[in-house]
Amino acid sequence: MRRTLAGVALAVTSMVALSFLIPLALLVKSEVRSRAITVAEQRAAALAPVLALTTRPDEVQQAVAELDGTGRLGVHLPGGRLVGTAYAPADAWRRAARQQRTFAQDTGDGWVHLQPVVLARDRVAVVESFVPRAEFERGVGTSWLVMSALALALVAGSVLVADRLGARVVRASRDLSRAANALGEGDLDRRLEPKGPPELQEAGAAFNTMADRVVELLAMERELVADLSHRLRTPLTALHLESERIASGLRREDADRLEAAVTHLEEELDSIIKAARTPLSAALAAPAPPGPKAPCEAARVVSARMDFWSVLAAQQGRECAVTVTDEPTPVLLPEEDLAAAVDALVGNVFRHTPESTALAVGVHRTAHAVVVTVDDAGPGIPDPERALARGASVGGSTGLGLDIAHRAADTGRGRLEVGRAPLGGARVLMELELASERAPGGERASHGRRRRAWLRLPGLSRTRSPRPGRPRGAQAGKPGAGGPP
């Protein structure tokens, strides 16, 4: 696709460039020749007043030297005496004198202009002005080179634009393909942000609708399996009681075998009901590795993630301010979970606010918690309570952004709040319980006096990390979490 679009742009732009370049090149060459001829005619005409006043060879020679010091000007005085340099054949200037008409003639070395001047007593002097052949080429090559370079730049630019457009289409197609493959492999949370041409946007929206419908149908199917399995409990209970009654009349080994079979059937039914009642996303998720996880430094994780997001913010013209505290910020949350929550909240800003919308991210520590705030200057979230409901969305998305942050806050023994930011948009505040400064292995959590994470982007000013207990959101005017999740 990209190669085809680039090839079409190359062919079309090349034809357009050549259709303008060739006539323009000929025009430039003609203009240079006309300008050289005009200069030669003007030099010859400038000698006419001098010859009208005097024909003394020394005075004429002085006038010729003043008008032209390159030896391209000559005067044939009455009587045949030559002042200056002659380039025209003798018969040519004699004919100009005899006919008293202006002549121009090409020579082997260039072009000569013959200008007769009628003097007193019907005498005639002939002025000849010579233009070397190189004068007709002066600057032509440079002009052609500049025009060719401009034409090549135009062609290259059009190919580049076509390639970018093709890349946009290909990227959207690949995203759709990857999402379809992920859905086929069991990633039922995979959704697309429709982008690219309108047709691919419609395909992306149709994919999201299909994925939602698949999840809905699978959930209904699992509920149906759970309901049907639960309905088997009644006959299973009756079977269990009946097996106990008839076991008294059987041999011991037969009774044990019957009881074991009924018990196994009951255990299998319980496992089916439990699996069917498990949320679909939890059932498909990989099991977490056993054992406690060491706490992470929230300031370091947030700074690292904002190093990534700040690049995208600069590309979109967003003012981005990041302020982190110098104090230790260990939290009871794995590093990957905190990074995912920060990415979800900041990603909401980029997905649901226009480009150039400012945002601000802050990390500060209170007496018992670490507070992460994500503010933006977008339209805000009109219904914060509904936005915090599990699986709900107030912005037309999947609602997973705030859900990820909500689960992270729960894991970190904290809370998540949505409100109004000082910037005028939405504020998402995630409070995480402060962990012990001793890591599980007994080693002191690494923090030290951490350097402030300044993000110096075009149009940004530094923000100082506030003292403990001072809310960072008080710095009004700094950019700030996404719009609707």
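Not measured: the values here are computed from a predicted model.
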Exercise. Identify, with sequence neighbours excluded, every residue that meets side chain to side chain contact (heavy atoms under 4.5 Å, CB included) alongside A153.
Key: none
Quiz item: Just checking, any donor-acceptor pair under 3.5 angstrom between side chains of N348 and R351?
Solution: yes
Exercise. Apply side chain to side chain contact (heavy atoms under 4.5 Å, CB included) to E431 and L429, showing your working.
Key: CA-CA 6 Å; E431 183 179 278; L429 183 148; 4.2 Å; yes
Ignoring hydrogens and angles, write down the donor-acceptor pairs under 3.5 Å from the side chains of residues 5-34, residues two or more places apart or on other chains.
unit_1: T13; atom_1: OG1; unit_2: A9; atom_2: O; d: 2.6
unit_1: T13; atom_1: OG1; unit_2: S158; atom_2: OG; d: 2.8
unit_1: S14; atom_1: OG; unit_2: L10; atom_2: O; d: 2.6
unit_1: S19; atom_1: OG; unit_2: M15; atom_2: O; d: 3.3
unit_1: S19; atom_1: OG; unit_2: V16; atom_2: O; d: 2.6
unit_1: S34; atom_1: OG; unit_2: S30; atom_2: O; d: 3.0

Quiz prompt | Nearest non-hydrogen partners of A339 and R305, listed with the distance | solution = CB-CD, 3.9 Å
Practice problem: State whether a side-chain donor-acceptor pair under 3.5 Å links T353 with R318. | Solution: yes
Practice problem: Go through L432 and V371 one step at a time and tell me if the side chain to side chain contact (heavy atoms under 4.5 Å, CB included) criterion holds. | Solution: CA-CA 6 Å; L432 304 172; V371 179; over 6 Å; no
Quiz item: Can D376 and R427 be counted as an ion pair, charged N to O under 4.0 angstrom?
Solution: no
Quiz prompt | By side chain to side chain contact (heavy atoms under 4.5 Å, CB included) - contacts of N208 (at least two apart) | solution = R191, L192, P194
Practice problem: In sequence, state the C-alpha distance, the side-chain angles, and the governing distance for V361 and V346, and then conclude on side chain to side chain contact (heavy atoms under 4.5 Å, CB included). | Solution: CA-CA 8 Å; V361 178; V346 178; 4.2 Å; yes
Quiz prompt | Gap separating the OG1 atom of T411 from the NE2 atom of H406, nearest 0.5 angstrom | solution = 10.5 Å
Quiz item: Considering all heavy atoms of both residues, which atom of A426 and which atom of I381 are nearest to each other, and what is their separation?
Solution: CB-CG1, 3.9 Å
Quiz prompt | Residue list, side chain to side chain contact (heavy atoms under 4.5 Å, CB included) with L312, at least two apart or on another chain | solution = W309, Q315, Q316, F350
Quiz prompt | Passing option when V374 is tested against V302, L345, V342 for side-chain contact (heavy atoms from CB on, under 4.5 Å) | solution = L345
Exercise. Answer yes when D175 and R178 have at least one side-chain N-carboxylate O distance shorter than 4.0 Å, and no when they do not.
Key: yes
Exercise. Only counting residues at least two apart or in another chain, list the ones meeting salt bridge (charged side-chain N to carboxylate O under 4.0 Å, His left out) with E193.
Key: none
Quiz item: Could you go step by step and tell me if L416 and V428 meet the side chain to side chain contact (heavy atoms under 4.5 Å, CB included) rule?
Solution: CA-CA 7 Å; L416 189 73; V428 178; 3.7 Å; yes
Self-check item: A40: side chain to side chain contact (heavy atoms under 4.5 Å, CB included) partners, not counting sequence neighbours
Solution: R43, W111, S129, V131
